[in-house]
Amino acid sequence: MSIKISIIGATGYTGAELVRLLSGHPEAELVALTTQSYVDMPFWEVYPHLYKYNQLIAEKMDLARLLDQSDVLFVALPHGHAMPVALEAARRGKVVIDLGADFRLNDYRVYEEWYKVEHGARELLGTAVYGLPEVNRAAVGKASLVANPGCYPTSAILALAPLLKNKLVNLRSIIIDSKSGVSGAGRGLSLGSHFSEVNQNFKAYNVAIHRHTPEIEQELGKIAGEAVTVSFTPHLLPVTRGILSTVYAELASPLRQEEIQEIFLDYYQDEYFVRVLPQGMLPQIKWVAGTNHCDLGVTVDTRTGRVVVISAIDNLVKGASGQAVQNMNIVCGLPEYTALAGPALYP
Ligand SMILES: NC(=O)C1=CN([C@@H]2O[C@H](COP(=O)(O)OP(=O)(O)OC[C@H]3O[C@@H](n4cnc5c(N)ncnc54)[C@H](OP(=O)(O)O)[C@@H]3O)[C@@H](O)[C@H]2O)C=CC1
Ligand SMILES: CC(=O)N[C@@H](CCC(=O)OP(=O)(O)O)C(=O)O
């Protein structure tokens, strides 16, 4: 099998990470990489770490041609730009995996309220599938439009799913305290991601108003079978890659450490990418850097009656491009870990 693939927005951080991962995919054939700013430049000149791994020339998007050439289109554009692509791809029966937020929220009114953009493809919201395979694998397998999850939601939902599925916590007590590396903000220049603003600094941002809040609540609500409200606070870490989320929730009734550890191990026993760490070992971002793993460490705080889950991912891999390739593998009936297997580089 050779899957013909176009990446729209390939010159951004998640686009380039898709190129890196798909360069090692035995069934993938990259046919087009689009850009806004680097038209007609060899892709490897934009990203020299991919020298000799990719020979394509970055091109301006010509949607009709991309659709003619491709079986699967990855969209790695800022939110608001995936809708015309998805509409045309649906008409042509092509698979779209959108790394942005345009198809993650089921209700267009919620999208418009949080993203301040009019939803131009409301008719597709019913067919889009939220691409978090560990929670939603069967639906992903039948999807032609996959809404790849946000980076923070991936880390938070995987931390909370075993607790909500087993009705172990008070649904109004959840606090998600997340820290992200700067590549989460994309490659575009902005004051907030200048070296001297980020280096030797650490700060919270968008407290109580971050756009990932409704996405997290929507998906947790589906797992719990009832409405879930969370407090979510993102922070900016002075590193390039990685998200570490510390998630707190009140236990509905007391549980012992061994019991909760067993519940997590059991919930994720068949999952290749989620690693529930042995008791007493807590996730670190460097253990997942460059990988599609989500590492989890769960602790019962018997003194406060809370459970604390630590979750670590690489925002560009499990938080974006790795998960997108995982979704493509599922849609195409390939082993889920194709091109994604392997541990992190660091000790
Ligand atoms: N970074 C991350 O960790 C994560 C990002 N996401 C989402 O993935 C998407 C891509 O993010 P990321 O790669 O970080 O973003 P970047 O800003 O790094 O890249 C954006 C890409 O889109 C292109 N582009 C920007 N504006 C336009 C436009 N108006 N028309 C055509 N092309 C355009 C850029 O082209 P050029 O390079 O030529 O300027 C670039 O190729 C976003 O929706 C983001 O929210 C999701 C999860 C995690
Ligand atoms: C560090 C950092 O700035 N992170 C970004 C993550 C956003 C993102 O990727 O979100 P969507 O795909 O939902 O647009 C942020 O907080 O806005």
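These values consider heavy atoms only, across backbone and side chains, with no hydrogens, waters or symmetry-generated copies. Predicted model, so just to flag it, every value in this text is computed and none were measured. We're numbering straight along the sequence, starting at 1. Start at 1 and go down the list; that is how both ligands and their atoms are numbered.
- By the ring-ring contact (aromatic ring centres under 6.0 Å, His included) test, Y115 pairs with H79, Y111, sequence neighbours left out.
- The shortest N or O to N or O distance between H210 and ligand 2 is under 3.5 Å.
- An N or O contact shorter than 3.5 Å is missing between H79 and ligand 2 by distance.
- Nearest to atom 13 (O) of ligand 2 by heavy-atom distance, out of R104, K179, H235, is R104.
- Scanning all protein heavy atoms for the shortest distance to atom 2 (C) of ligand 2 gives Y205 OH, 3.2 Å.
- Of all protein heavy atoms, the one lying nearest to atom 10 (O) of ligand 2 is H212 NE2, 2.9 Å.
- Judged as a salt bridge (Lys or Arg N to Asp or Glu O under 4.0 Å), the pairs with a partner in residues 287-303 (not counting sequence neighbours) are, in order, R275-D295.
- For E134, the salt bridge (Lys or Arg N to Asp or Glu O under 4.0 Å) partners are K318, not counting sequence neighbours.
- Each of the atoms 16 (O) of ligand 2 lies under 4.0 Å from some heavy atom of Y152.
- Among all protein heavy atoms, the one lying closest to atom 14 (O) of ligand 2 is R211 NH2, 3.4 Å.
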Between ligand 1 and the protein, tabulate every N or O atom pair separated by less than 3.5 Å, reporting distance only.
{"from": "ligand 1", "atom 1": "1 (N)", "to": "S183", "atom 2": "O", "distance (Å)": "3.0"}
{"from": "ligand 1", "atom 1": "3 (O)", "to": "N315", "atom 2": "ND2", "distance (Å)": "2.9"}
{"from": "ligand 1", "atom 1": "13 (O)", "to": "Y13", "atom 2": "N", "distance (Å)": "3.3"}
{"from": "ligand 1", "atom 1": "13 (O)", "to": "T14", "atom 2": "N", "distance (Å)": "2.9"}
{"from": "ligand 1", "atom 1": "13 (O)", "to": "T14", "atom 2": "OG1", "distance (Å)": "2.8"}
{"from": "ligand 1", "atom 1": "18 (O)", "to": "Y13", "atom 2": "N", "distance (Å)": "3.0"}
{"from": "ligand 1", "atom 1": "18 (O)", "to": "R187", "atom 2": "N", "distance (Å)": "2.7"}
{"from": "ligand 1", "atom 1": "29 (N)", "to": "Q36", "atom 2": "OE1", "distance (Å)": "3.1"}
{"from": "ligand 1", "atom 1": "30 (N)", "to": "Q36", "atom 2": "OE1", "distance (Å)": "3.4"}
{"from": "ligand 1", "atom 1": "37 (O)", "to": "T11", "atom 2": "OG1", "distance (Å)": "2.7"}
{"from": "ligand 1", "atom 1": "38 (O)", "to": "T11", "atom 2": "OG1", "distance (Å)": "3.3"}
{"from": "ligand 1", "atom 1": "38 (O)", "to": "T35", "atom 2": "OG1", "distance (Å)": "2.6"}
{"from": "ligand 1", "atom 1": "38 (O)", "to": "Q36", "atom 2": "N", "distance (Å)": "2.8"}
{"from": "ligand 1", "atom 1": "38 (O)", "to": "S37", "atom 2": "N", "distance (Å)": "2.6"}
{"from": "ligand 1", "atom 1": "38 (O)", "to": "S37", "atom 2": "OG", "distance (Å)": "3.1"}
{"from": "ligand 1", "atom 1": "39 (O)", "to": "S37", "atom 2": "OG", "distance (Å)": "2.9"}
{"from": "ligand 1", "atom 1": "41 (O)", "to": "G9", "atom 2": "O", "distance (Å)": "3.3"}
{"from": "ligand 1", "atom 1": "41 (O)", "to": "T11", "atom 2": "N", "distance (Å)": "3.4"}
{"from": "ligand 1", "atom 1": "41 (O)", "to": "T11", "atom 2": "OG1", "distance (Å)": "2.9"}
{"from": "ligand 1", "atom 1": "41 (O)", "to": "G12", "atom 2": "N", "distance (Å)": "3.1"}
{"from": "ligand 1", "atom 1": "43 (O)", "to": "L77", "atom 2": "O", "distance (Å)": "2.7"}

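- Atom 5 (C) of ligand 2 has G184 O, 3.3 Å as its closest protein atom, hydrogens excluded (heavy atom only).
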